[in-house]
Each structure stands twice: as C-alpha cells, then as structure tokens.
Amino acid sequence: MGPVKDSLKLFMGLLLLGQLFLVGAASKDQGKSSGPSEKAVVVAMSPIASETAPIEEKKRAPKPPMTAAVPSEEKPLRKPVTLLGVTHRADEPYQALDFDFSGSMSLQVPTRLGKLLRVRISPPLTPIVPETERSISALFESFRYFSAPTYTELVFAGKGGFGDPILATGPVGLPRLTILFRAGEGEFPLAGGEQLAPGVVYYTDRTATKAGPADAHILRVDPLAKNLAVFPVLANEGICQKEILSSMAKRYKAVAGINAAYFTHNGDPIGTLIIDRRLISSPLYARSVFGLARSGQPLFGNPDFSGTLRIGGLAVPIDAVNQPRNGDQLVVYTPEYARSTLTDEAGVELALIKGRVIGIHKADTLIPPDGVVVSAGGEKARLLAGVRLAQMVNLDYQVLPPWSDVQHAVCGGPRLMTDGRIDINGHAEKFDASIRNGRHPRTAVALTATGDLLFIVVDGRSKRSAGMTLAELAAYIKKLGGLRAINLDGGGSSSMFIRDRIVNRPSDGKERPISNGILVTTR
C-alpha cells in the first residue's frame, strides 16, 4: 500500500497545484479586463453541502409583538328620514307615485328592468306606516321594503313597465321621489311588425281613405325602455341648416327616425324646440308640442314662453329665442342659430358675453360663440338706444311649467287628439288652409292608451298612395289606440328611417333636406 499511498499524495498535490494555477489565471484576466482605476474583486465562495449533509435552518428575524388594532374613527350614521306621505297620480296611460320625505337623501337605482324596479335610499327610512304600505302594494303585483344601517330599499313588481325614478325638490322644499309606471300593457291592433330592438317595432299598413288607399309606416316605441333613447336632432348640429334624415340618423347610429318640426326656407325650426333641456327655439302661436320628461314620460300640450331683459332700471319683455325678428319684437339669438342674426331690418343689436355688452350694431350681427345677441326692432329698439359698451345686461327667459323641466320637446301642429277624442285645432294654431284642409303626405306622433309612442308617416301625392287629410289622419291614429296626438311637418319632408335606409316613398322622389328630426337609438 506504500507506493499506492505515495502515488495518491502526489496526485492530490498536482491537483491542488492545478487549481491554484487556474484561480491565479482567472484573477489575472479579471485584472486585465478592469480599467486602470479598478481593482479585481475577490469573492469568497462557501463550500456546497453534500446531499446527505443536514441544512442548517436560517435564523429568522423575531416577529414584532402583536398589538391591538386601533379602530379608525367611524363616521356617525346619518339620522333616518321619514316618509311624510305618498300621492298617487293617475294620468292615463301612465300613473305616478310621489314620495315626500322629511330630510335630505340620495338615490340609487340598482335595478330597472321591465316590470321590476328596485331603488335604494340613503339614509334609511323610519318604518313605513302599515296603512301606507298596503295602499302602495294595491297598485302593484307586489311591493316590499327592507332597511340596512345605512339605506332602505324599495322593491316594486309592476303590472307594466317603470320609468326612470326622479328625485327632485317638492313644492314645500323637501325631497320628493317620483316613480312613473304603467298600470298594464295591451295588444296593438296591427300584426306582423318587425322588431328593430327591444321596445321598437316597425309596421307597414295600407289603409283606405276617401281618395283611395294610402301607405302608412308606423314605428311603435316603448318610451320607458331602459335600452332606448328618443331625442330630437338638428341638421348639421345647427339651427339655420338643412340635411337629409338618413344622414342625421347615420351620424347617431340610430335604429329609426322621422322628420319633425316645420322650418323656414333657411332651415330655422318654427316653434318650440328643446334639446337636452336647452331652449333652442321658443314657442310660436301656442302651437302643439310633443315632449319627453326626464323620466321618459311623453308630454303633449301648448307651452307658453316668458322672458325679460333688464339693464339698469329698464325692463323689456323678450318675445322669442332664435326666431326671425319682426316689427317691435325683441329676440335673443344663441350660437346654435347661425353665424349671425340674419336680420335685414335695422334695429338695435347688442352682442353679449357673460352679460356684458361687447358690441352694438343695427342688423345681421355676428353671434359670439360663448355669448348671445339681443336684437330689438321698432319701439323696443328705441328703448335700447341708450345702451353703451361694457354695460351689464340680465336676460331671464324660459318656457313655462311644466315644460320648463322637460328633457326634449319638438313643435308641430295642429293638435289631432286629446284624451282619446279627435280634437283638431288648425285655426287656433294659425295654420293655413292648405295644411288644415288639404290632402298631403303626413307625419305625426301619438301616445296610445297603453303607453306606447307611435311615430307615423303616410305617403301621398302618388298614384299608389293618396295621402291623408288631418281628419283622416286623426281617425287612423284613433283606430291604432291613440290617446293624444299632434301633426308634424309633412308634404315632401315626410320621411321615415329604419336601420340603414328610408323606408317610405318621399313625394319629391328623393329625400328632402330638412331642418330637424326625431331619432331612436339604443344605449
């Protein structure tokens, strides 16, 4: 074993010498690769433990001692509010409940889907009087409420659909929650309609008139459908503009649309026009108007207008907004109207920004993009003759209640139906004999006894379709279940858009450029 042991020692010595040589060479190379100012770094390596050697557990830092959680300062719960009373209003085909509360509150609507409505009120309510609860329950398939520490939920299962709940200030200055609902749903007289979207159905009908058959196009819309929006639009988004209906509809990706209000030769809408609660054009001759409240409830009526200009101690009545000025009128022009007032009769025109007079002219004044122009003629122009630059002017004008709170409104006329009876008032609304007595293509909007909106276009002035008189149109709408209805602009303007095209046959042989329309879109 001696020679073997000596050989093994020699081998181990050579192996150790080789390792030292390799380490030295590596260190030398590292030194060469370092910059002149750098020094080689020697890293001490720990030996690798064999698989069988036990691995020593690392010492862990001691855990900090447990301390009791310090509760954050909680906000005190708001004091519950009391339901002071509930008023039931039956305005067929809709009904409403007005809930009056004792103090300030907030509202959420977690669910509004068809015949189901769930609203959440914060802070919570004090217990509802059992008799009141029974009275509410009698109006619905079911009514339940429950309270949590921070809110109360009211759950309604109806016999018909619900509108958007509206939280506003009641007559005595306290919060009022209004729930709009249908008492039920009925069948529509026409069959075979095409559903364009949930809540929108398109029908065609060929009906008899004294002059022969007429083609009718009917759009039946649920105004309370959560997935739908119904609103008026302006041609090219301006007042004194014209555009074909299909172009307006495609711009908004509408599923359907019709022409709407009458307009002047330069595209100025005639009569009331409200878009998103902004007064675009003021009432004229108390003509009939169709509108939509914030809840979705349709309105039909004849709104009034009131306005006053005040400067110093002077108060002058305002006659109109964005209407052509005539005689002694004082008219306010907003940026929606046009680039200028387009007046050709001399008067006094005040350009205002934030109420301050920045310009005084006689006619056709440029309208500031962030201001208005007040245009006065005749006697009212003489009243404003002493106004100077930089003076402050106060303008206060509005469409009178209940129209002051509508979301949208479009003027038409004359009226066709009131509360289910034919009620045409062409003379009172100052329409000429051709519109009152003639046979023309027609456009109309109606509300049925079951709460549906009907948009109707009747073709005319062709061998195929005779058109209708106002009396025939009103009788036809009554046959469809109409409750209230008004006529809209007709003749060559009458047009209906469905999905991607005009479906009726305009009497001009093609679409006529119009001033405005009513569109139906999905949300």
Side-chain angles (χ1 to χ4, degrees), residues 188 190-207 214-239 241-263 267 269 273 275-276 290 292 296 298 407-408 410 412 440-446 452-462 464-465 467-468 480 488-523:
F188 190 61
L190 297 180
E194 175 189 359
Q195 186 177 63
L196 308 178
V200 188
V201 184
Y202 166 60
Y203 302 85
T204 58
D205 190 25
R206 190 160 171 81
T207 186
D215 290 325
H217 303 261
I218 302 98
L219 195 62
R220 181 184 173 206
V221 178
D222 178 1
L224 304 187
K226 189 175 182 180
N227 64 301
L228 299 178
V230 180
F231 54 92
V233 294
L234 290 167
N236 299 316
E237 309 304 325
I239 290 182
Q241 301 279 333
K242 293 181 185 178
E243 183 182 10
I244 57 176
L245 176 65
S246 60
S247 175
M248 299 183 207
K250 290 175 182 178
R251 185 165 68 249
Y252 283 89
K253 297 180 174 56
V255 295
I258 60 166
N259 67 291
Y262 298 93
F263 54 94
L273 183 61
I275 300 178
D276 288 326
F290 156 68
L292 288 166
Q407 190 73 16
H408 306 295
V410 172
H440 302 290
R442 300 285 185 180
T443 302
V445 57
D452 288 322
L453 273 178
L454 301 181
F455 296 107
I456 301 163
V457 169
V458 179
D459 286 338
R461 298 176 184 168
S462 71
R464 174 177 171 81
S465 188
M468 286 185 179
L480 295 179
L488 296 172
D489 186 20
S493 297
S494 287
S495 46
M496 179 177 285
F497 176 90
I498 298 296
R499 284 205 172 111
D500 60 356
R501 65 188 179 92
I502 297 296
V503 293
N504 71 306
R505 298 182 180 182
S507 62
D508 290 352
K510 60 181 181 180
E511 281 189 81
R512 174 184 291 182
I514 56 178
S515 162
N516 56 89
I518 299 173
L519 302 182
V520 181
T521 64
T522 55
R523 310 190 219 222

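Heavy atoms only: backbone and side chains are in, while hydrogens, waters and symmetry mates are out. Small disclaimer: the values here were computed from a predicted structure and weren't measured.
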| field | Short side-chain to backbone donor-acceptor contact, Asn504 and Ser494, under 3.5 Å | value | yes

| field | Exercise: identify the closest heavy-atom pair between Leu453 and Phe290 | value | CD2-CE1, 3.8 Å

| N-O pairing of Arg501 and Glu511 below 4.0 Å | no

| task | Answer yes or no: is there a donor N or O on one side and an acceptor on the other, between the side chain of Ser515 and the main chain of Gly267, under 3.5 Å? | result | yes

| field | Sidechain N-carboxylate O distance under 4.0 Å for Asp215, Arg464 | value | yes

| query | Does the side chain of Arg461 reach to within under 4.5 Å of the side chain of Pro441, using non-hydrogen atoms? | reply | yes

| Sidechain N-carboxylate O distance under 4.0 Å for Arg220, Asp452 | yes

| query | Do side-chain atoms of Asp205 reach the backbone of Thr207 as a donor and acceptor pair under 3.5 angstrom? | reply | no

| note | Pro269 and Leu234 have their tightest heavy-atom pair at CG-CD2, 4.2 Å

| Taking atom CG of Leu219 and atom CD of Glu194, what is their separation to the nearest 0.5 Å? | 10.5 Å

| Judged by atom type as modelled, is there a donor-acceptor pair below 3.5 Å linking the side chain of Glu243 to the main-chain atoms of Asn236? | yes

| Please walk me through it: do Leu273 and Ile239 pass side-chain contact (heavy atoms from CB on, under 4.5 Å)? | CA-CA 10 Å; Leu273 183 61; Ile239 290 182; 6.0 Å; no

| query | Would Asp489 and Asn259 count as having a side-chain donor-acceptor pair, cut-off 3.5 Å? | reply | no

| request: Could you tell me how the ring of Tyr202 sits relative to the ring of His217: parallel (under 30°), tilted (30 to 60°) or perpendicular (over 60°)? | output: parallel

| task | Drop me the distance from Arg251's CZ to Glu237's CD, to the nearest 0.5 angstrom. | result | 4.5 Å

| field | Pair Ile518-Val445, side-chain contact (heavy atoms from CB on, under 4.5 Å): steps then yes or no | value | CA-CA 10 Å; Ile518 299 173; Val445 57; 5.6 Å; no

| message | Would the distance check show the side chain of Arg523 and the main-chain N or O of Lys226 forming a donor-acceptor pair, the cut-off being under 3.5 Å? | response | yes

| Candidate pair Leu519 and Val230, rule side-chain contact (heavy atoms from CB on, under 4.5 Å), full reasoning | CA-CA 6 Å; Leu519 302 182; Val230 180; over 6 Å; no

| Smallest separation among heavy atoms of Tyr203 and Leu190, with atom names | CE2-O, 3.5 Å

| Any donor and acceptor pair, going by atom type alone, linking the side chain of Thr521 with main-chain N or O of Ala254 inside 3.5 Å? | no

| field | Sub-4.5 Å side-chain heavy-atom contact between Ile456 and Thr443 | value | no

| Asn516 side chain to Ala261 main-chain N or O, any donor-acceptor pair under 3.5 Å? | yes

| field | Closest contact, heavy atoms only, Leu196 versus Arg499 | value | CA-NH2, 3.7 Å

| How about Phe231 and Ile275: do any of their side-chain heavy atoms sit closer than 4.5 Å? | no

| task | Taking the side chain as every heavy atom from C-beta outward, state whether Asp276 and His408 have any atom pair closer than 4.5 Å. | result | yes

| request: Run the numbers on Leu245 and Arg512 for side-chain contact (heavy atoms from CB on, under 4.5 Å), then give the verdict. | output: CA-CA 8 Å; Leu245 176 65; Arg512 174 184 291 182; over 6 Å; no

| query | What are the two closest non-hydrogen atoms of Ala256 and Ile498, and how far apart are they? | reply | CB-CD1, 3.9 Å

| Test item: Phe497 and Ile244 side chains (from C-beta on) under 4.5 Å apart, heavy atoms | no

| query | Has the side chain of Ser493 got a donor or acceptor atom that lies under 3.5 Å from a matching backbone atom of Gly491? | reply | no

| request: Might you point out which heavy atoms bring Ser495 and Val457 nearest each other, and give the distance in Å? | output: O-CG2, 3.7 Å

